[in-house]
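The structure under discussion appears below in the form of structure tokens.
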Amino acid sequence: MDIFTDIELFDCPICHGAGLLEEESGWCIYASCLDCGCHTAEIPFNNEDERVKAAQQAAHMWNVGKVISSGVGD
């Protein structure tokens, strides 16, 4: 499974920009917005099976709107 093409991300819940799954140095995955910079929490993983599950969890959090934003009130 190629997590970067097989997992669907909705538009950003804050600004409706494009979302992107990102992997940080082989230890965690998160989703972020290319426009406003909001992002999900970092989901850690230790192996390939956990990596896929982490990507699915990050995408789910993104798609339901559970994001961190540095906007007013945060």
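If you read the sequence from its start, that first residue is 1, and numbering goes on from there.
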- Message: Between C12 and C38, is the side chain to side chain contact (heavy atoms under 4.5 Å, CB included) condition met? List the steps.
- Response: CA-CA 8 Å; C12 175; C38 73; 3.4 Å; yes
- Show your working on side chain to side chain contact (heavy atoms under 4.5 Å, CB included) between W27 and E42 and close with a plain yes or no. CA-CA 9 Å; W27 74 272; E42 298 165 339; 3.5 Å; yes
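In this structure, NZ on K66 lies 11.5 Å from CD on Q57, to the nearest 0.5 angstrom. Annotation: the span from E24 atom CD to E22 atom CD amounts to 8.0 Å, rounded to 0.5 Å.
Residues passing the side-chain contact (heavy atoms from CB on, under 4.5 Å) test with E8 are F10, sequence neighbours excluded. Under the side-chain contact (heavy atoms from CB on, under 4.5 Å) criterion, K53 pairs with Q56, sequence neighbours left out.
Of all the heavy atoms in I43 and A54, the pair that sits closest is CG2-CB, 3.4 Å. When every heavy atom of D35 is checked against every heavy atom of A18, the shortest pair comes out as OD2-N, 4.0 Å. Nearest heavy-atom pair across L9 and L21 is CD1-N, 3.6 Å.
By the 4.5 Å heavy-atom criterion applied to side chains, V67 and W62 are counted as neighbours. Using a 4.5 Å heavy-atom cutoff, the side chains of I14 and C36 are in contact. F4 is listed as a side-chain neighbour of E23, based on a closest heavy-atom distance under 4.5 Å. Using a 4.5 Å cut-off on side-chain heavy atoms (C-beta onward), I3 and R51 make contact.
Using a distance-only test at 3.5 Å, with no hydrogens or angles considered, a donor-acceptor pair links the side chain of T40 to the main chain of A31.
The hydrophobic cluster containing I7 also contains F45, counting ILVMFWY residues as joined when their side-chain heavy atoms lie under 4.5 angstrom apart, directly or transitively.
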